[in-house]
Amino acid sequence: MKRTVFVGDLHLSADRPDITQAFLDFLAYGLKDAEALYIIGDLFEVWMGDDIAEPFTQDIAKAIKAVSRLMPVYFTHGNRDFMVGRTFCKQASMQILPEVHCINLYGIRTVVLHGDSLCTLDEAYQRFRRFRSIGAVRWIYAHLLPKKTRLNIAAKIRQKSVQGNQQKQYEIMDVEPSAVDSLLATTDCRRMIHGHTHRPDIHQLAEHKERIVVGDWYTQGSVLSVSAQGCELQQRPFTS
């Protein structure tokens with residue numbers, strides 16, 4: 001039985017070698033019968049340029065490249081790794097997808113995205129998201145700012161994100177139903193697959209539509225497997 005596999009929100013970092021090893025094991029042994037792998041954002045905890053990647057990321061690139069020899073590997077930028085560039089993706093043989101990507105998945109038209117754009121109630125984050133999406137801003141980050149400055153910015157972003165999330169209400173950090181309905185309508189899709197919220201679930205919507213959320217790898221090891229027979233959310237164990 002052929003299947004397509006989705007993962008996201010791994011937030012790989014040198015601080016969590018257990019998660020890195022779990023992902024390497026998953027790439028080596030967890031893709032039996034898979035015909036495609038989608039990494040839908042936040043592969044890394046933070047990324048401020050291909051030129052300042054940490055040493056452990058090379059092991060990740062080699063492992064993903066090995067998988068790419070067997071099946072296509074697709075990558076969607078997340079809110080933490082939006083600066084992942086073509087250099088790293090080429091090293092890993094990942095195909096970069098647009099922010100919103102529609103596919104015919106075993107006969108069901110499906111829209112795939114990271115999911116942060118759906119959290120429209122978080123107005124402060126959406127303002128930041130629009131700012132960092134400006135091409136000129138991204139170019140300045142990548143080409144004009146010194147490495148030390150970018151690393152300092154990355155540290156502040158992580159700190160501010162943790163502090164801000166602790167103060168935000170549950171509803172603000174989740175997707176807004178009207179944003180989900182709007183995207184499904186404008187893309188003419190019956191199924192949506194996203195991550196970002198760290199709340200894995202399969203939501204049945206009106207008009208026989210569905211929204212599937214892939215969880216994180218902080219504690220969940222979340223994997224979504226989709227086949228012609230249906231969808232299954234799984235958890236891969238790892239030692240924390």
Do Leu37 and Val214 share a hydrophobic cluster, counting only Ile, Leu, Val, Met, Phe, Trp and Tyr and linking them when any side-chain heavy atoms are less than 4.5 Å apart? no

Dump the intermediate steps for ring pair (Phe, Tyr, Trp, His ring centres under 6.0 Å) on Phe82 and Trp47, then the final yes or no. CA-CA 7 Å; Phe82 62 90; Trp47 191 279; over 10 Å; no

In the structure I gave you, are the side-chain heavy atoms of Pro200 and Gln220 within less than 4.5 Å of one another anywhere? yes

Heavy atoms of Ala61 and Phe88 approach each other most closely as CB-CE1, 3.7 Å

Would you list the atom pairs, donor with acceptor, under 3.5 Å between side chains in residues 69-78 and any protein atom, with sequence neighbours excluded?
residue	atom	partner	partner atom	Å
His77	NE2	Val84	O	2.7

One should read off an interatomic distance between Cys89 SG and Met94 CE, to the nearest 0.5 angstrom, of 4.0 Å

Between Arg199 and Asp174, is there a side-chain N and carboxylate O pair less than 4.0 Å apart? yes

Flag yes if Leu184 and Ile103 sit in one hydrophobic cluster, no otherwise; membership is Ile, Leu, Val, Met, Phe, Trp, Tyr, and two members link when side-chain heavy atoms are under 4.5 Å apart. no

Flag the pair Ile40 / Leu113 as yes when at least one side-chain heavy-atom distance between them is below 4.5 Å, and no otherwise. no

Dump the intermediate steps for side-chain contact (heavy atoms from CB on, under 4.5 Å) on His11 and Leu43, then the final yes or no. CA-CA 5 Å; His11 294 270; Leu43 173 60; over 6 Å; no

With the side chain counted from C-beta on, respond yes when Val112 and His194 share a heavy-atom pair under 4.5 Å apart, and no when they do not. no

Within a reach of under 6.0 Å around NZ of Lys209, are more than 12 heavy atoms found that belong to other residues, nucleotides or ligands? yes

If you define the side chain from C-beta out and look only at heavy atoms, does anything of Leu145 sit under 4.5 Å from Met48? no

Let me confirm one number: the OG-CG distance from Ser178 to Leu121, rounded to the nearest 0.5 Å. 7.5 Å

Between Trp217 and Arg236, what is the shortest heavy-atom contact and its length? CH2-CD, 4.2 Å

Distance-only donor-acceptor pairs under 3.5 Å for side chains of residues 19-31, two or more places apart:
residue	atom	partner	partner atom	Å
Gln21	NE2	Asp25	OD1	2.9

Would Asn79 and Tyr125 count as a side-chain contact (heavy atoms from CB on, under 4.5 Å) here? Give the steps. CA-CA 10 Å; Asn79 56 296; Tyr125 170 70; 3.0 Å; yes

Verdict with supporting geometry, His208 and Arg190, side-chain hydrogen bond (donor to acceptor under 3.5 Å, both in side chains): CA-CA 7 Å; His208 304 290; Arg190 187 154 63 89; over 6 Å; no

In Å and rounded to the nearest 0.5 Å, what is the NZ to CE distance from Lys32 to Met1? 11.0 Å

Please report the interatomic distance CG(Leu183) to SG(Cys189), rounded to the nearest 0.5 Å. 7.5 Å

When clusters are formed by joining ILVMFWY residues with side-chain heavy atoms under 4.5 Å apart, either directly or through shared neighbours, do Ile202 and Val7 land in the same one? no

Could you go step by step and tell me if Cys102 and Arg109 meet the side-chain contact (heavy atoms from CB on, under 4.5 Å) rule? CA-CA 7 Å; Cys102 296; Arg109 184 167 170 80; 3.8 Å; yes

Over 12 foreign heavy atoms within 6.0 Å of CD, Glu207: no

Ionic contact status for Glu99 with Arg129, cut-off 4.0 Å: yes

With the side chain counted from C-beta on, respond yes when Ile212 and Phe6 share a heavy-atom pair under 4.5 Å apart, and no when they do not. no

In chain order, what residues pass the side-chain hydrogen bond (donor to acceptor under 3.5 Å, both in side chains) check against Asp81, with sequence neighbours excluded? none

Cluster overlap Met192 with Leu105, hydrophobic side-chain contacts below 4.5 Å: no

Got a donor-acceptor contact below 3.5 angstrom from the Ser68 side chain to the Lys65 backbone? yes

Under the side-chain contact (heavy atoms from CB on, under 4.5 Å) test against Thr110, which residue among Thr4, Asn104, Ile193 passes? Ile193

Reported CG-to-CG distance for the pair Leu205 and Asp181, which is rounded to 0.5 angstrom: 7.0 Å

Judged by atom type as modelled, is there a donor-acceptor pair below 3.5 Å linking the side chain of Asp50 to the main-chain atoms of Gly85? yes

Single-linkage hydrophobic cluster Val67~Phe56, side-chain heavy atoms < 4.5 angstrom: yes

Going by the side-chain contact (heavy atoms from CB on, under 4.5 Å) test, name the single residue among Val5, Leu97, Ile64 that passes it with Ile39. Ile64

So, do Gln91 and Thr57 sit near enough that their side-chain heavy atoms are less than 4.5 Å apart? no

Could you pull out all residues at least two apart from Arg191 that satisfy salt bridge (charged side-chain N to carboxylate O under 4.0 Å, His left out)? Glu210

Between the side chains of Glu45 and Tyr218, does any donor sit under 3.5 Å from an acceptor? yes

Any salt bridge (Lys or Arg N to Asp or Glu O under 4.0 Å) involving residues 54-63? Give me the pairs, sequence neighbours left out, ordered by first then second residue. none

Run Gln234 and Leu224 through side-chain contact (heavy atoms from CB on, under 4.5 Å) and show every step you take. CA-CA 6 Å; Gln234 307 163 336; Leu224 171 65; over 6 Å; no

Between His196 and His114, what is the ring plane arrangement, given parallel below 30°, perpendicular above 60°, and tilted in between? perpendicular

For His101, check side-chain hydrogen bond (donor to acceptor under 3.5 Å, both in side chains) against everything at least two apart and list the hits. none

Spatial distance of atom CG (Asp9) from atom OG (Ser222) [nearest 0.5 Å]: 9.0 Å

